Amino acid sequence: MSEQNRLETFRVEKLQHIIDLGHDPYGQRFDGHRPIAEVRPLCPEENGIDGEEVRVAGRIMLKRDTGKLWFVNIKDMTGNIQLMISKNELGDEQWALVKTLDLADIVGVDGLLRKTKTGEISVYVKKLTILTKSIAPPPEKYHGVDDVETLLRHRYLDLIYSDGVLDRMLLRSSIIDSVRQTLRGNRFVEVETPVLHAIAGGAAARPFITHHNALDIQLYMRIALELHLKRLMVGGVERVYEIGRVFRNEGIDATHNPEFTMIEIYQSYGNYETMMDLTEAIVTDAARIVKEKLGLEGDRLVLPWGDETIDFTSPWPRKKYADLFEAAAGFPMTDHEKVIELAKTKHIQTENVHIDVIVNKLFEELVEDSLEGPVFVIDYPASICPLTKRKQNDPTIAERFELYVKGMELANAYTELNDPRLQEQLFKTQLAGQAEEDSMAKMDHEFVYALKVGMPPAGGLGIGIDRLVMLLTNSKTIRDVIYFPLMKPEN
RNA sequence: GCCCCUAUAGCUCAAUCGGUAGAGCAUUUGACUCUUAAUCAACAGGUUCAAGGUUCGAGUCCUUGUGGGGGCACCA
């Protein structure tokens with residue numbers, strides 16, 4: 001028998017013992033228990049004085065058995081507390097149940113709040129209820145689990161045993177709550193649109209391909225939310241957004257997971273400047289919630305980022321793409337000869353590649369990483385923006401911005417192109433040097449028809465929720481803010 | 001796709017030059033009614049990721065594979 005089986009066997013024997021004692025090792029409904037964080041402050045200040053009777057429940061994290069008196073630490077979603085369990089108090093029958101307890105079991109107790117002689121807030125147990133017997137051997141009680149692979153494959157172990165993981169994920173939920181609240185305050189409507197697309201449009205990314213059996217057609221997992229939300233604006237849903245999973249069949253690294261959460265927001269009768277204001281509102285509202293939850297002081301909206309900080313205090317600077325390019329390159333992006341010359345020294349392909357694609361590659365290399373932010377980069381070269389309205393006085397420039405923080409692209413927005421004939425033409429124009437799958441321009445006749453019916457002028461905005469959560473929770477990798485990041489299957 | 005690192009008891013980690021695989025925690029047994037990673041005593045626990053190879057002898061060296069981590073590339 002392996003060591004693991006041996007450890008499990010002892011626990012199964014205890015489980016049988018619980019049944020023999022007339023209890024259910026997998027428990028039953030347990031009403032009226034209170035969050036530990038809420039109960040702790042109710043404990044009397046003075047040692048040894050009985051306080052209120054409370055009911056709490058949680059998982060056993062530590063056990064100190066001094067014979068006829070046990071100290072057991074349990075934790076729930078809000079915090080942890082010590083239980084003091086005395087043989088004299090409980091009597092023989094309950095004591096037999098206490099003796100079956102192991103680390104990682106889930107218990108409920110009724111008891112009196114009381115500080116121990118050494119001042120530890122405790123529940124002096126009057127009644128113990130077994131809620132779930134854990135039969136898997138638990139990890140090391142102090143170090144927990146350290147192996148990244150184990151933690152990611154069994155995220156619940158990470159949540160139980162790694163400090164801060166649960167709190168961080170709860171912050172994620174609070175941030176998403178905050179985003180919804182900001183949008184509700186601005187009269188936006190949340191909707192759901194299809195995940196399975198016949199054409200994977202709205203972004204430049206390689207899609208996952210799947211198949212519908214009954215229809216015998218190829219379908220794609222969506223890479224963006226854009227085109228359906230715009231259709232809804234045509235239909236009169238003037239302010240609309242969706243928070244949803246999108247899928248991109250690309251590499252995995254610290255800032256990329258194959259499935260991730262996007263929010264896209266469309267506001268009829270707005271433009272990209274409208275969306276800049278909205279972006280500031282969404283991000284600063286969420287940052288304020290995080291700052292509050294972390295208990296941070298100060299007038300400015302400053303959050304920690306590794307050894308540094310990020311100052312989210314608005315307004316954020318708005319800098320022109322062309323100006324940033326020129327400042328970094330030393331010549332304007334309209335100087336095509338110099339652009340190509342510099343590109344060659346950087347080993348960027350220039351043959352049969354559209355000049356704006358080359359400019360953008362240079363921009364990524366020269367400018368992007370240095371954008372500490374938050375900073376709005378505005379007014380992009382039009383030819384790399386096939387879904388964006390051009391500037392009224394300059395058709396080579398698109399009314400688009402990207403928000404950068406710590407070199408990461410956090411948001412992307414534009415004044416939406418609503419001219420159906422220009423849209424159709426841009427869908428047809430495959431930019432030279434771009435593989436079809438890398439292009440944002442995928443012909444979608446039905447979408448062009450929608451624009452012919454008429455879409456109001458509008459601003460549109462996309463924010464990577466995972467990256468937003470990373471920046472607000474001081475997380476350097478996307479894995480830290482996704483419960484179940486993609487892993488290769490074992491074997 | 002390329003390069004580097006990594007895999008030892010349930011968990012956290014050792015193992016010198018290639019020479020009997022060890023410790024702490026957890027478990028088991030015993031003691032203990034105010035502990036704080038409780039303490040004390042005793043027992044037990046191993047396909048060293050997998051498959052090959054070199055060698056008298058491999059956890060250790062070599063090859064291949066698998067999982068994971070990091071970097072590059074890809075990715076607005």
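Throughout, a chain's letter reflects where its sequence line sits, starting with A, and its residues are numbered from 1. Computation of the quantities below employed the complete heavy-atom set of this structure, encompassing side-chain atoms and omitting hydrogens, waters and symmetry-equivalent molecules. What you see is a predicted model; the values in this text were computed from it and never measured.
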Practice problem: Spell out yes or no: do the side chain of A:T116 and the base of B:rU35 have one donor N/O and one acceptor N/O closer than 3.5 Å? | Solution: yes
Quiz item: Can you find a side chain N or O atom of A:R64 that sits less than 4.0 Å from OP1 or OP2 on B:rU35?
Solution: no
Practice problem: Look at all strands and tell whether A:Q4 reaches a base, only sugar-phosphate, or nothing, counting heavy atoms closer than 4.0 Å. | Solution: sugar-phosphate
Quiz item: Across the strands shown, which category fits A:K488 at heavy-atom distances under 4.0 angstrom: base, sugar-phosphate, nothing?
Solution: sugar-phosphate
Quiz item: Across the strands shown, which category fits A:R153 at heavy-atom distances under 4.0 angstrom: base, sugar-phosphate, nothing?
Solution: sugar-phosphate
Self-check item: Nucleotide forming a Watson-Crick or wobble pair with B:rU48, both distances under 3.5 Å
Solution: none
Quiz item: Which part of the nucleic acid, if any, lies within contact of A:G48, taking any heavy atom under 4.0 Å across all strands shown: a base, the sugar-phosphate backbone alone, or nothing?
Solution: nothing
Quiz item: What's the closest nucleotide to the A:E3 side chain, out of B:rU28, B:rG68, B:rA9?
Solution: B:rA9
Quiz prompt | Pair assignment for B:rC72, Watson-Crick or G-U wobble, requiring both distances under 3.5 Å | solution = B:rG1
Quiz prompt | Presence of A:K141 side-chain N/O under 4.0 Å of B:rA37 phosphate oxygens OP1/OP2 | solution = no
Quiz prompt | Complementary nucleotide of B:rG24, counting Watson-Crick and G-U pairs under 3.5 Å | solution = B:rC11
Quiz item: Do A:F363 and A:Y321 have ring centroids that are under 6.0 Å from one another?
Solution: yes
Quiz item: Looking at A:E264 and A:Y266, what are the two nearest heavy atoms and their distance?
Solution: OE1-OH, 2.6 Å
Quiz item: Taking it one step at a time, do A:E399 and A:K389 satisfy salt bridge (Lys or Arg N to Asp or Glu O under 4.0 Å)?
Solution: CA-CA 6 Å; A:E399 291 199 340; A:K389 187 171 269 196; over 6 Å; no
Quiz item: Between A:R155 and A:Y483, is NZ or CZ placed under 6.0 angstrom from the six-membered ring centre and within 45° of the ring axis?
Solution: no
Quiz item: Taking atom types as modelled and ignoring hydrogens, do the side chains of A:W305 and A:N474 form a donor-acceptor contact shorter than 3.5 angstrom?
Solution: no
Quiz item: Do A:N88 side-chain and B:rU33 base share a donor-acceptor contact under 3.5 Å?
Solution: yes
Exercise. Would you please confirm or rule out a distance under 4.0 Å between OP1 or OP2 of B:rU28 and any side-chain N or O of A:K99?
Key: no
Quiz item: For B:rC17, does the O4'-C1'-N9-C4 (purine) or O4'-C1'-N1-C2 (pyrimidine) torsion place it in syn, i.e. within 90° of 0, or in anti?
Solution: syn
Exercise. Describe the nucleic acid contact of A:M84 in one word from base, sugar-phosphate, nothing, applying a heavy-atom distance below 4.0 Å.
Key: base
Exercise. Report which part of the nucleic acid A:K115 touches: base, sugar-phosphate, or nothing (heavy-atom distance under 4.0 Å, all strands).
Key: nothing
Exercise. Pick the P atom in B:rA21 and in B:rU60, then give their distance to the nearest Å.
Key: 13 Å
Quiz item: Mind checking the P distance from B:rG10 to B:rA50? Whole angstroms is fine.
Solution: 13 Å
Practice problem: Report the base-pairing partner of B:rG67 (Watson-Crick or G-U wobble, both distances below 3.5 angstrom), or none. | Solution: B:rU6
Quiz item: Between B:rC25 and A:K63, is there an OP1 or OP2 to side-chain N/O distance shorter than 4.0 Å?
Solution: no
Quiz item: Is there a donor and acceptor pair closer than 3.5 Å between the side chain of A:Q82 and the base of B:rU35?
Solution: yes
